[in-house]
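Below is one structure; the comments refer to it alone.
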Amino acid sequence: MGFKRVSEAVIRRLPRYYRHLTMLETQGVERISSERLARQMNLNASQVRQDFNCFGGFGQQGYGYNVSNLTGEIKRIMGIDRKHTIIIVGAGNIGHALTNFPGFAETGFEVKALFDVNEDLIGTEIKGHPVLDVKDMDEYIRENQIDMGVIAARRSAAQEIADRMCAAGIRGIWNFVPLDITTSVPIENVHLSESLSTLSYKIEHGLLD
């Protein structure tokens, strides 16, 4: 897109902006100032302006931001203005739950299939998505040009699965296994237990974000 390199912190704020602006749009809000947006999101106005300036600014002095236009721009920047295909490796509890995750459809992600080693699951369907043998994963990725892979399998198999995904041409990985996987593509490691432990610490010490 031609944007300068931005920090991880800015990247992680983009979904927050999108979620908040989408809510404002549904409420019929047509424009908003950086000061008001910052106040509602518990940020400061300078930070908001700096974040948006990484991608061109979008605001008009004396007017602020057009909510609908800004929502569309952020959606485009994040790449969720187009469809992305996904496979899930691991059809157990987490994999099963993810097939019911409404956020996929809301942000343009389409689950195409699940993969597992359990012969009792292979050949079945979960919410209309076929459960296939993990042995066939590599070929499936190549033939269907899958964009993203979700790993919800056994910890011992996670790195191998990631390596196979990368070799088959996957573009990104969402990892739910409690293991920091090394990959040659962008990866998001979702450590649920670490998140709960962080929450526990904040409760014990009375901390607010």
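These values consider heavy atoms only, across backbone and side chains, with no hydrogens, waters or symmetry-generated copies.
- Residues Tyr18 and Ile80 meet the side-chain proximity criterion, which asks for heavy atoms closer than 4.5 Å.
- Using a 3.5 Å distance cut-off with no hydrogens or angles, the side chains of Glu73 and Asn69 do not pair a donor with an acceptor.
- Applying the 6.0 Å contact sphere to CD of Glu8 captures more than 12 heavy atoms from other residues, nucleotides or ligands.
- Put simply, Phe176 and Leu179 are part of two different groups of oily side chains (I, L, V, M, F, W, Y) that touch within less than 4.5 Å, one to the next.
- Ionic pairing of Asp81 and Lys75 is not present here: no N-O contact between side-chain nitrogen and carboxylate oxygen is shorter than 4.0 angstrom.
- By the rule that hydrophobic residues join a cluster once side-chain heavy atoms approach within less than 4.5 Å of another member, Leu98 and Ile187 end up as members of separate clusters.
- To the nearest 0.5 Å, the span separating NE2 on His20 from CG on Asn42 amounts to 11.0 Å.
- For the pair Ile88 and Thr99, the minimum side-chain heavy-atom distance is below 4.5 Å.
- Follow the hydrophobic side-chain contacts under 4.5 Å out from Ile122 and you never reach Phe115; the two are in separate clusters.
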- [ ] For the pair Leu37 and Phe52, evaluate side chain to side chain contact (heavy atoms under 4.5 Å, CB included) and give the outcome as yes or no after the intermediate values.
- [x] CA-CA 12 Å; Leu37 181 60; Phe52 292 159; 3.9 Å; yes
Task: Evaluation steps, salt bridge (charged side-chain N to carboxylate O under 4.0 Å, His left out), between Arg12 and Glu188 - done: CA-CA 11 Å; Arg12 292 196 178 279; Glu188 279 290 309; 2.9 Å; yes
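- If you chain together hydrophobic residues whose side chains sit under 4.5 Å apart, Ile32 and Phe55 fall into the same group.
- The SG atom of Cys54 sits 9.5 Å away from atom CD1 of Ile11, with the distance rounded to the nearest 0.5 Å.
- Taking hydrophobic clusters as Ile, Leu, Val, Met, Phe, Trp and Tyr residues chained together by side-chain heavy-atom distances below 4.5 Å, Ile151 does not share a cluster with Phe104.
- Within 6.0 Å of CD in Gln27 there are more than 12 heavy atoms belonging to other residues, nucleotides or ligands.
- For Arg164, the CZ atom counts as densely surrounded, since its 6.0 Å shell holds more than 12 non-hydrogen atoms of other residues, nucleotides or ligands.
- By the ring pair (Phe, Tyr, Trp, His ring centres under 6.0 Å) test, His84 is found to be paired with Phe109, residues two or more places apart in sequence or in another chain being considered.
- Glu110 and Thr85 are not linked by any side-chain donor-acceptor pair at a separation below 3.5 angstrom, with hydrogens and angles left out of the test.
- Inspection of the His191 and Asn175 side chains reveals no N or O donor paired with an N or O acceptor under 3.5 Å.
- Here the side chains of Ile74 and Leu70 are in contact, with some heavy-atom distance below 4.5 Å.
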- [ ] Give the C-alpha distance, both sets of side-chain angles, the deciding distance and a yes or no for side chain to side chain contact (heavy atoms under 4.5 Å, CB included) between Arg19 and Thr22.
- [x] CA-CA 5 Å; Arg19 173 165 46 86; Thr22 300; 5.9 Å; no
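- In this structure, Ile203 shares a hydrophobic cluster with Leu199, the cluster being traced through Ile, Leu, Val, Met, Phe, Trp and Tyr side chains under 4.5 angstrom apart.
- For the pair Arg31/Asn66, no side-chain contact is recorded, criterion being any heavy-atom separation below 4.5 Å from C-beta on.
- With contacts defined as side-chain heavy-atom distances shorter than 4.5 Å, the pair Trp174/Val190 qualifies.
- With rounding to the nearest 0.5 angstrom, the SG atom of Cys166 is 9.0 Å from the CD1 atom of Ile141.
- Distance check, rounded to the nearest 0.5 Å: CG of Asp133 to CG of Asp116 gives 9.0 Å.
- In this structure, the separation between CZ on Arg49 and OH on Tyr65 is 7.0 Å, given to the nearest 0.5 Å.
- Screening Val111, Ile87, Ile86 for a side-chain contact (heavy atoms from CB on, under 4.5 Å) with Met148, the sole residue that qualifies is Ile86.
- Between Met165 and Met137, some side-chain heavy-atom pair lies under the 4.5 Å cut-off.
- With contacts defined as side-chain heavy-atom distances shorter than 4.5 Å, the pair Ser68/Glu30 does not qualify.
- Side-chain contact check for Tyr17 versus Val48: some heavy-atom pair is nearer than 4.5 Å.
- Taking a 6.0 Å sphere around CG of Asn100, one finds it holds more than 12 heavy atoms contributed by other residues, nucleotides or ligands.
- The distance from atom CE of Met41 to atom CG of Leu21, rounded to the nearest 0.5 Å, is 7.0 Å.
- For the residue pair Gln50 and Ser46, a side-chain donor N or O sits within less than 3.5 Å of a side-chain acceptor on the partner.
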